[in-house]
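Here is the structure we will look at, set down as structure tokens.
It should be emphasised that the depicted structure is a prediction, and the values quoted were computed from it without experimental measurement.
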Amino acid sequence: MRRHHHLRAAQAVGRGPRQDRRRGRHGHLALKIAHALGAEVVQFTRTMDKADEARALGADDVVLSTGPEQMAAQRGRFDLILDTVGAPHSIEPYMSALAMGGTLCIVGIPTGDLTVSPLSLVVGAENIAGAGSGGTRETREMLDFCAEHGIVADVEMMRPDQINEAIDRLDRNDVRYRFVLDMTGRPS
């Protein structure tokens, strides 16, 4: 995030809408990292019932992505928007929220094609980028940064005999944020 998009303190960073938590689940880490970098962090969400949770993870503001007035108020606000959604969705509202020269960085991998109006790119000189794994050096830098700032993934430990429950809960979107299967045999 910092290296490729030159993120620095006081820049506005939006994190794409939370949708289906079964896919990806990197968004909570994006909130924590952007906050630790000193950015103004905004969470886009489809329902405001997640607002308190987003703020606890580091969001300074929460915007209802399904609210036309709220989205219109974001026009030209963000230097960087991280789109962590792994489900089909329109990126046009987020392109409008980018500041001149801003970047929409695709982190989640939705099924199907993304469509964007060429006018969205030309008018604001906006960019669309992808986020790869970064390689060994950048991964080490990210892990060091996270260690220095106490940033960890939020996980729920499950025993092997709870695997069916975990799958059931995945189907119901009842995961905060990752399940980890503990194969050591210790009680959780």
- [ ] First locate atom CG of Asp83, then atom CD1 of Ile106, and finally report the distance between them rounded to the nearest 0.5 Å.
- [x] 4.5 Å

TODO: Mind checking the CG-CG spacing from Leu104 to Asn127? Nearest 0.5 Å is all I need.
DONE: 10.0 Å

Open item on the list: A side-chain contact here means heavy atoms from C-beta on lying under 4.5 Å apart; do Pro93 and Phe44 qualify?
Closed with: no

Task: Side-chain donor/acceptor of His35 to backbone N/O of Leu31, under 3.5 Å - done: no

Task: Residue pair His89 / Leu114: nearest heavy atoms and the distance that separates them - done: O-CD2, 4.2 Å

Open item on the list: I need the minimum non-hydrogen distance between Met71 and Leu64, along with the two atoms involved.
Closed with: CG-O, 3.9 Å

Open item on the list: Please check: side-chain N/O of Lys32 versus main-chain N/O of Gly58, any donor-acceptor pairing under 3.5 Å?
Closed with: no

TODO: With rounding to the nearest 0.5 Å, note down the distance linking CD1 in Ile163 to CG in Asp168.
DONE: 11.0 Å

Task: Which atom of Arg46 lies closest to which atom of Thr66, heavy atoms considered - done: O-OG1, 3.4 Å

Task: Leu98 vs Ile81 side-chain heavy atoms within contact, under 4.5 Å - done: yes

Open item on the list: Please report the interatomic distance CD1(Ile33) to NE2(His149), rounded to the nearest 0.5 Å.
Closed with: 10.5 Å

Open item on the list: Give me the atom names and distance for the closest heavy-atom approach of Pro160 to Asp182.
Closed with: CD-O, 3.1 Å

- [ ] To the nearest 0.5 angstrom, please state how far the CE atom of Met157 sits from the OG1 atom of Thr184.
- [x] 6.5 Å

Task: Shortest non-hydrogen separation from Ala166 to Phe179 and the atoms involved - done: O-CE1, 3.4 Å

Open item on the list: My understanding is that only residues two or more places apart in sequence, or in another chain, count here; which of them pass salt bridge (Lys or Arg N to Asp or Glu O under 4.0 Å) with Asp52?
Closed with: none

Task: Electrostatic pair Glu40:Arg77 at N-O distance under 4.0 angstrom - done: yes

Open item on the list: Any side-chain to backbone donor/acceptor pair from Glu165 onto Gln162? Under 3.5 Å, distance only.
Closed with: no

Task: Backbone N/O of Thr47 and side chain of Thr45: donor-acceptor pair under 3.5 Å - done: yes

Open item on the list: Please tell me whether Met158 and Met183 are part of a single hydrophobic cluster in this structure, the criterion being side-chain heavy atoms less than 4.5 Å apart.
Closed with: yes

Task: Same apolar cluster (I L V M F W Y, side chains within < 4.5 Å links), Val62/Leu82 - done: no

Task: Contact summary for Ala99 and Glu126, nearest pair of heavy atoms - done: O-CG, 3.9 Å

Open item on the list: A side-chain contact here means heavy atoms from C-beta on lying under 4.5 Å apart; do Ile128 and Met95 qualify?
Closed with: yes

- [ ] Using modelled atom types only, decide if a donor and an acceptor are shared between the side chain of Asp60 and the backbone of Val41 within a distance under 3.5 Å.
- [x] yes

Task: Distance, nearest 0.5 Å, that separates CD of Gln43 from CE of Met48 - done: 9.5 Å

